[in-house]
Amino acid sequence: MVSGLDTRYNFRLVEKKWQQRWEESGAFHVTEEPEKQKYYCLVMFPYPSGKLHMGHVRNYAIGDVLARFFKMQGFNVLHPMGWDAFGLPAENAAIKNRIHPAKWTWDNINSMREQLKSLGLSYDWSREVATCHPDYYRFTQWLFLQLYHNDLAYKKKQAVNWCPSCATVLANEQVVAGCCERCDTEVEKKDLEQWFFRITAYADRLLEDLEKIPGWPEKVKLMQTNWIGRSVGAEVRFTAENGKEIKVFTTRPDTIFGVTYMVLAPEHPLVEELIKDKAEAGKVREFVARAKKQSELERTSAEGEKEGIFTGAYAINPLSKEKIPIWVANYVLMEYGTGAVMGVPAHDQRDLEFARKYNLPVKVVIQPLGRDLDAATMDEAYAEPGIMVNSGEFDGMDSEVARLKITEYLKEKGLGEETVNYRLKDWLISRQRYWGAPIPIIYCDRCGIVPVPEKDLPVLLPEDVAFEPTGESPLRKADSFINTSCPQCGAPARRETDTIDTFVCSSWYFLRYCSPRDERPFDPEKVAYWMPVDQYIGGVEHAILHLLYSRFITKVLYDQKLVPVDEPFTNLLTQGMVLKDGFKMSKSKGNVVSPEEIIENYGADTARLFILFAAPPERDLDWSDQGVEGAYRFINRVWRLVQRVAPEVKEKVEWDVASLSSAEKDLRRVIHRTIQRVEDDIKTRFNFNTAVSAIMELTNALYHYLDGTDQEQWHRGVLREGLSSLALLLAPFTPHFAEELWEVLGNKDSVHEQQWPQVDREALKEEEITIVVQINGRVRDHIQVPVGLDNKKLEEAVLSQPKVANLIQGKELVKVICVPNKLVNLVVK
RNA sequence: GCGGGAGUGGCGGAAUUGGCAGACGCGCCGGACUUAGGAUCCGGUGGGUUAAACCAUAAGGGUUCGAGUCCCUUCUCCCGCACCA
């Protein structure tokens, strides 16, 4: 930028200088210190795409402020960094550019590490982990075995989500609006035999324990609650004419007398049996075939027409004993509940629409208070509670009571029982890809499925494989990998060729950081010291996937008594996106701002300061080049201030508070109020933007003091206090700059080794205070009064003001409201 | 459709418990220094008015001495889930 004969701060030299010193002195290397309180500050580790983007910068700047701040507060801070390094892009690069995924990944890691280092982040790099390293994935495989041995990992054949473009299956959580979350290709259903983690066994605890983490945003907890989707109801057994039992799940057992038909999912196994002798069989088969061909997206879009067909079969309503027709319809999902539902058109909107479309009867069994529903004409279902009618012995009951009574009755008669259903499904962790941790399983013709013994881990990914554009995993053709011997009987056997979903790798990395080079997955003592993570920071896009999986894995390990905590992250901060001109930065939009360029032109401190100042962390942030200039200007403004005064204040001088002038007292008040505000903004509100603005105000106040005082009159002691505080307060935000200031002020040690400045309560005290005078709630005047003046004296002081007297002249004073040290409101008529 | 969040100057955003709306920064205007200024420093900056009054926190209503903040109605935008029985 503009080079200067002026006193412009040379960020290039300074940032390099301190980064080197930190590295040489191992400034951020930490070990367990039992006598100190620990603070585990974790930012979501990146996928090593090769290029840092602004979202990363924001994420890591926030983490760094917290890490450095808590260190200055006396905590023993763990602040690690690593790489979520398995995944598809590496493999795509291999196919496209003929680079091995391993090389591509490690090259990217090396370049991203340099970029991160140029930001001056206080990581303990000795703890770096990469999930693609055999010393890491060895324990990802170990984790798989833990789940396998506890019946939490199993293999089954099921219709699964298949992304044709990625040529692999996906977990439910990775399907967004019917499309692949990575590449946006429409997902297909395929019947495949796959490995699952039994996360549903933890559904209730994952739900209940949300209460144990008040430090998480409600929004995220709500998203998880909805995703788990627990709903309590009853399973009710209907009987078809041919004697076959059909189970339905309902949350409204109180409406069973209102059932006028029932509907099966097209995939329901009973469909074929029910229709086989019926005249309708042909048409139904045709319908089922058509529904199965519909994509997931078409099937489940709420706007889509509900379509159904009568099977020709009937069932008996177990309570009313009425004969009801059995239908098949596209809107019933085989995956949820029992794959069959009872149709209660009077009390369920979807059922009503379906009934009207196909002329099925409507029967009212719950009447609202104060009006009568008419089954013949109603066009909106009544889903609220009311009084039971047309329901035999339950007539007249409150429907809420009837719900329980009918559930009891069903149970007594053996017709059903209370059940709980979840929308959460087991986690599909198989991936038909190469660049992942191989699933440590061996198939033996004699012994069946045999887990790889722990001592044989890791099952290494073979390096010499061919990447072909077919998309098929090269592991499938890697004979030397596949062919092995059975660990149990020694006979020739085959290895599993699927790899583990990368979300498994990232659901335990926070444990590995505690003892990253241990020969075990982690050192239990170190985990006991560091866990749980005190502050976790990352994008809200991980609200369900990564955060739910990590909670699940932590609970599994907790149950095995391997870790002492059952929730991994005590506090969660979800930061907003970094936008440019209101849009997400993307190459196709051409609105990408590269961190490298900003660091080159303005320095890391400016980049960090701007990002922290521009918006509170939870909110989206619109990148502004002018805003960056502003941050840059501020740093230089502070630099000039310190240059101007430093020679005067290098020496410590003794001084006495009693001897200070009022300007000096005012300055000290600003200094200490700023310390208090910055501390509070960081610690309890994460409002880094207001913390920075407070520091700016302190800078302005220091300038005003200097400009308003003759240089001979400058109070060296107070100025020294002010400038030192400024350097200390800036340390978490602009770490290189703060170090340099600290040094210029004559200090020998690192600013980051200092204690956070103490607020001097005495300095905060004011003798006089400005009181707002309102008349009928409108501000009319301000008066200066001594602090702590009682209400009566305050009122007198206000009323004696000529301006006030003038304004209320001739009016009746109805009431006086006094808020001590703040405001007086005169109510007049 | 359901659930959640948000609407404040020209812009990003402050206002922590109901108590001076617009802190801080950007931009803009004026001044100083200067051969010069796209550097720096100082001052101004919601609308309105000569000055006031007054009007202003998406719109409308309410509670209150007092409302950006609490309550009700409506509108807009963003996010999540989306036939879950």
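Atoms considered below: every heavy atom in the structure, side chains included; atoms not considered: hydrogens, waters and symmetry mates. Chain letters run A, B, ... following the sequence lines, proteins first, then strands; residues in each count from 1.
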Does [X] have a side-chain nitrogen or oxygen under 4.0 Å from the phosphate oxygens OP1 or OP2 of [N]?
{"X": "A:Lys815", "N": "B:C65", "answer": "yes"}
{"X": "A:Arg778", "N": "B:C55", "answer": "yes"}
{"X": "A:Arg640", "N": "B:A39", "answer": "no"}
{"X": "A:Arg350", "N": "B:A82", "answer": "no"}
{"X": "A:Arg633", "N": "B:C26", "answer": "yes"}
{"X": "A:Asn226", "N": "B:C2", "answer": "no"}

Given [options], which nucleotide is nearest the side-chain atoms of [X]?
{"X": "A:Gln626", "options": "B:C42, B:C26, B:C65", "answer": "B:C26"}
{"X": "A:Ser693", "options": "B:A85, B:A23, B:C65", "answer": "B:A23"}
{"X": "A:Val332", "options": "B:A85, B:U16, B:G80", "answer": "B:A85"}
{"X": "A:Val341", "options": "B:A85, B:G25, B:A15", "answer": "B:A85"}
{"X": "A:Met223", "options": "B:G25, B:G80, B:A14", "answer": "B:G80"}

Distance check, [atom1] atoms only: [N] and [M], in whole angstrom units.
{"N": "B:U16", "M": "B:G10", "atom1": "C1'", "result": "28 Å"}
{"N": "B:C71", "M": "B:G19", "atom1": "P", "result": "15 Å"}
{"N": "B:C77", "M": "B:U63", "atom1": "C1'", "result": "29 Å"}
{"N": "B:C28", "M": "B:G46", "atom1": "C1'", "result": "14 Å"}
{"N": "B:G31", "M": "B:U50", "atom1": "P", "result": "22 Å"}
{"N": "B:G60", "M": "B:U69", "atom1": "P", "result": "13 Å"}
{"N": "B:G22", "M": "B:U45", "atom1": "C1'", "result": "12 Å"}
{"N": "B:U74", "M": "B:G9", "atom1": "C1'", "result": "25 Å"}

Atom [atom1] of [X] to atom [atom2] of [N]: distance rounded to whole Å?
{"X": "A:Lys219", "N": "B:C2", "atom1": "NZ", "atom2": "C1'", "answer": "15 Å"}
{"X": "A:Asp620", "N": "B:G80", "atom1": "CG", "atom2": "P", "answer": "11 Å"}
{"X": "A:Ile544", "N": "B:C79", "atom1": "CD1", "atom2": "P", "answer": "15 Å"}
{"X": "A:Leu641", "N": "B:C41", "atom1": "CG", "atom2": "P", "answer": "10 Å"}
{"X": "A:Leu547", "N": "B:G80", "atom1": "CG", "atom2": "P", "answer": "15 Å"}
{"X": "A:Arg685", "N": "B:G13", "atom1": "CZ", "atom2": "P", "answer": "15 Å"}
{"X": "A:Asp707", "N": "B:A32", "atom1": "CG", "atom2": "C1'", "answer": "13 Å"}
{"X": "A:Asn689", "N": "B:U16", "atom1": "CG", "atom2": "C1'", "answer": "13 Å"}

Tell me what [X] touches on the nucleic acid: a base, only sugar-phosphate, or nothing, going by heavy atoms under 4.0 Å.
{"X": "A:Ser624", "answer": "nothing"}
{"X": "A:Asp351", "answer": "nothing"}
{"X": "A:Asn421", "answer": "nothing"}
{"X": "A:Gly630", "answer": "sugar-phosphate"}
{"X": "A:Arg230", "answer": "nothing"}

Testing the basics here: between [X] and [Y], what is the closest heavy-atom pair and its distance to 0.1 Å?
{"X": "A:Leu545", "Y": "A:Glu173", "value": "CD2-CB, 3.1 Å"}
{"X": "A:Asn825", "Y": "A:Gly777", "value": "OD1-N, 3.0 Å"}
{"X": "A:His347", "Y": "A:Ala381", "value": "C-CB, 3.8 Å"}
{"X": "A:Ala265", "Y": "A:Met334", "value": "CB-N, 3.7 Å"}
{"X": "A:Asn421", "Y": "A:Tyr336", "value": "CB-OH, 3.5 Å"}

Checklist entry - Mapping A:Asp680 and A:Thr250 onto RNA chain B by nearest heavy atom, which one lands closer to the 5' end? => result A:Asp680
Checklist outcome for this item: Per nearest nucleotide of RNA chain B, the residue lying toward the 5' end, A:Arg780 or A:Leu621, is A:Leu621
Checklist entry - So, do A:Ile675 and A:His672 sit near enough that their side-chain heavy atoms are less than 4.5 Å apart? => result yes
Item to check | Nearest-0.5 Å distance, CZ of residue A:Arg780 to CG of residue A:Leu807 | outcome: 6.5 Å
Checklist entry - Listed in order of residue number, which residues of residues 606-619 of chain A have a non-hydrogen atom at under 4.0 Å from RNA chain B? => result A:Phe613, A:Ala614, A:Pro616, A:Arg619
Checklist entry - Between A:Lys221 and A:Glu211, is the closest basic N to carboxylate O distance under 4.0 Å? => result no
Next on the checklist: Exactly one of A:Ile775, A:Val804, A:Val798, A:Ile771 should register a side-chain contact (heavy atoms from CB on, under 4.5 Å) with A:Asp781. Which one does?
Outcome noted: A:Val804
Next on the checklist: Quick check with a 6.0 Å cut-off and a 45 degree axis cone: is A:Arg608 positioned over the face of A:Phe737's six-membered ring?
Outcome noted: no
Taking everything shown except [X] itself, do over 12 heavy atoms lie less than 6.0 Å from its [atom1]?
{"X": "A:Glu380", "atom1": "CD", "value": "no"}
{"X": "A:Arg182", "atom1": "CZ", "value": "no"}
{"X": "A:Lys811", "atom1": "NZ", "value": "no"}

Do any N or O atoms of the protein come closer than 3.5 Å to N or O atoms of nucleotides 18-22 of chain B, and which pairs are they?
from	atom 1	to	atom 2	distance (Å)
B:G19	N2	A:Gln774	OE1	3.3
B:C20	O2	A:His782	NE2	2.9

Item to check | Syn or anti conformation of B:G61, syn meaning chi within 90° of 0 | outcome: anti
Next on the checklist: For the backbone of A:Asn689 and the side chain of A:Asn687, can you confirm whether one donor and one acceptor N or O come within less than 3.5 Å of each other?
Outcome noted: no
Checklist entry - Does any N or O in the side chain of A:Asn776 come within less than 3.5 Å of the main-chain N or O of A:Val828, such that one atom is a donor and the other an acceptor? => result yes
Checklist entry - Which dot-bracket string describes RNA chain B (Watson-Crick N1-N3 plus N6-O4 or O6-N4, or G-U N1-O2 and O6-N3, all under 3.5 Å; [ ] crossing; | other strand)? => result (((((((..(((......[....)))((((((.......))))))((......))..(((((..]....))))))))))))....
